[in-house]
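If you read the sequence from its start, that first residue is 1, and numbering goes on from there. Note that ligands are numbered from 1 as they come in the structure, with each ligand's atoms numbered from 1 the same way.
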Amino acid sequence: MSDIALAIIGGTGLYQIAALENVETLECDTFYGKPSAPVRIGFLGGKKVAFMARHGEGHSVPPHKVNYRANLRCLKDLGVARVLAINAVGGITDSFGPRVIGVPDQIIDYTYGRLHTLSEEPGSEVLHVDFTEPYCAKLRANILRAAEKIAMPIVGFGCYGATQGPRLETRAEITRMRRDGCDLVGMTGMPEAGLARELGIDYACLAIVANWAAGCGDGAEITLEEVLANVSVATASLPQLLEEILKS
Ligand code: HPA
């Protein structure tokens with residue numbers, strides 16, 4: 001068993017965790033190729049934590065080109081049992097305005113053409129994992145409890161709609177997603193969550209609302225500056241939350 005208590009996959013706007021101490025860097029290679037970035041392993045509140053930047057540390061890998069299989073296989077090879085995925089998202093429904101942090105409980109996958117399973121290569125095992133509840137209930141509960149302990153506002157539900165990107169959505173696409181039951185829209189929630197389930201990794205998502213989704217809010221143009229500024233503000237107390245999660 002690995003002594004890594006938690007791995008964090010950081011999304012747009014989160015390329016490192018400055019609070020990590022005594023950081024060691026591991027360059028990994030896997031059966032599925034190279035992950036997006038080296039794994040930074042350090043300590044937070046005395047617990048060992050691994051961090052990987054999903055898009056690369058210089059944000060060079062777009063959502064549809066992320067080697068999700070290599071990223072998760074690498075963490076699994078390091079003995080990681082729990083992954084907290086941090087994803088910048090657009091907010092669709094009223095509870096999810098910019099800078100809100102959510103812990104979604106459901107997913108709808110609108111992505112296509114991504115390598116989304118370990119059952120891809122000839123001869124690989126055919127996997128039909130149960131995905132009724134796509135996120136780990138225990139890890140979700142830990143996050144919500146930790147947020148409550150530090151009095152951090154957090155929304156404990158939400159359906160994450162995963163789109164292909166890299167472009168943002170049209171108003172009509174978001175209208176359809178709202179009709180489908182999506183509260184949040186992002187480009188990286190899948191296939192990551194499904195692969196984690198195939199690998200037997202406990203996985204939950206911390207969704208950082210960076211903007212109102214297309215046609216929501218005041219309908220203003222969505223800019224990268226806005227996205228990054230909101231992610232930066234919303235993640236300011238992330239180390240505190242992580243420390244609290246790690247106590248459980
Ligand atoms: N749509 C898709 N992905 C996103 C968005 C969005 O509005 N904001 C941040 N990631």
**Complete:** Distance filter under 4.0 Å, heavy atoms only, around ligand 1 gives A88, V89, G90, L168, E169, V185, G186, M187, N211

**Asked** Can you name the residues that form a side-chain contact (heavy atoms from CB on, under 4.5 Å) with E21, not counting sequence neighbours?
**Response** none

**Request:** Check whether any side-chain heavy atom of I9 lies under 4.5 Å from a side-chain heavy atom of F51, and answer yes or no.
**Result:** no

**Fill in**
Going by chain and number, the hydrophobic cluster around Y112 (ILVMFWY, side chain to side chain under 4.5 Å) further includes none

**Request:** Would you indicate whether E148, at its atom CD, is surrounded by more than 12 heavy atoms from other residues, nucleotides or ligands within a distance under 6.0 Å?
**Result:** no

Side chains of residues 84-99: which donor-acceptor pairs under 3.5 Å do they make with residues two or more places apart or in other chains?
unit_1	atom_1	unit_2	atom_2	d
N87	ND2	T188	OG1	2.9
T93	OG1	D183	OD1	2.7
R99	NE	N230	OD1	2.6
R99	NH2	N230	OD1	3.3

**Asked** Quick one: are E221 and E226 in side-chain contact, heavy atoms under 4.5 Å?
**Response** no

